[in-house]
Each structure stands twice: as C-alpha cells, then as structure tokens.
Amino acid sequence: QVQLVESGGGLVQAGGSLRLSCAASGRTMSSYNMAWFRQAPGLERDFVALISWNDLNTWYGDSVKGRFTISRDNAKNTVYLQMNSLKPEDTAVYYCAARRNWGISPLGVDYWGKGTLVTVSS
C-alpha cells in the first residue's frame, strides 16, 4: 500500500505560481511512476503530468506544457508539481497518483491521494 498526501494548493492570481507537493508513505514510491491529475467541477479527471520511477522520463498534458514541471525526490518520497503562468482554467482539485505502468489514463492508477484545491483568479 502507498498513501499519498498532497499539499501546496491555494488561491493565486492569474500569472502567478504555486508548487504542489505529494508525500508518499507506506511502500516506497521509488518503484512507481508518479503522476498528477486534475478535476474541475463537473468535468472528468484529466491528466496533467507524469514522471518515471527512475526520473528519466516525463510526459505533460498539452494544456500545461511549458508552464508546469513535474519532479521527484525519491530520498524524500516526495513528488512535486511546479506550476507557473497560471490561468483561471487551471482551477481544479489536483490529485497525486502512483502507477506501475507508463500511461496517462486515470484507469491505470494504482493509488490516489485525496487532492488539493488550486484556485486561480482572473
């Protein structure tokens, strides 16, 4: 079992930045690919970013490329999402996810965090 706890969400103005953190406990996250998803009210859960277990590969959703950066520190069992140039349409609950397979579908996730709310005001 892997428990994931997100932090760092909040209210920010458009154009601003936030860094989300996801702390893993239980089994080490070093054997998992780690991802961020987001879900706005009334919408489906969308893929944001993915990083491989060995920190060699990343994958970003089209809407966040060039603005968001995913990173991980396996020694700290933590994954991060640096979000820059935020837009109102980035407003959502952001979820951390651990998965053994390499992919962007929410269906392949093994473990989910409970989420942290990011609100971007215009």
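Because only heavy atoms are used, hydrogens play no part in the values below, and waters and symmetry mates are left out as well, while side chains stay in.
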Modelled atom types, side-chain donor and acceptor of Ser17 and Asn84, under 3.5 Å: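 Distance-only check passes for Ser17 and Asn84.
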Is it true that Phe37 and Leu81 fall in one hydrophobic cluster, defined by side-chain heavy atoms closer than 4.5 Å?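 Per the 4.5 Å side-chain linkage, Phe37 and Leu81 are not co-clustered.
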According to a 4.5 Å side-chain heavy-atom criterion applied to Ile, Leu, Val, Met, Phe, Trp and Tyr, with indirect links allowed, do Trp112 and Val93 form part of one hydrophobic cluster?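 Linked within one cluster.
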Mark yes or no for whether [X], through its side chain, and [Y], through its backbone, hold a donor-acceptor pair below 3.5 Å.
X	Y	answer
Asn33	Asn101	yes
Thr91	Thr119	no
Asp73	Lys76	yes

What closest approach, in Å, do [X] and [Y] show between heavy atoms, and which atom pair accounts for it?
X	Y	result
Lys65	Tyr60	CE-O, 3.4 Å
Ala24	Val2	CB-CG1, 4.2 Å
Val48	Phe68	CG1-CD2, 3.7 Å
Leu18	Gly8	CD2-O, 3.8 Å
Glu6	Gly115	OE1-N, 2.9 Å
Leu117	Ala92	CD1-O, 3.6 Å

Roughly how far, to the nearest 0.5 Å, is the [atom2] atom of [Y] from the [atom1] atom of [X]?
X	Y	atom1	atom2	answer
Asn77	Tyr32	CG	OH	11.5 Å
Asn74	Thr28	CG	OG1	6.5 Å
Ile70	Ser52	CD1	OG	9.5 Å

Do [X] and [Y] have side-chain heavy atoms sitting under 4.5 Å apart?
X	Y	value
Met34	Leu4	yes
Trp53	Ser30	no
Val79	Cys96	yes

By ring-ring contact (aromatic ring centres under 6.0 Å, His included), Tyr95 pairs with (sequence neighbours left out) none
Does Arg72 count as lying over the ring of Tyr80, i.e. NZ or CZ under 6.0 Å from the six-ring centre, within 45 degrees of the axis?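 Geometry flag: not set, cation outside 6.0 Å or 45°.
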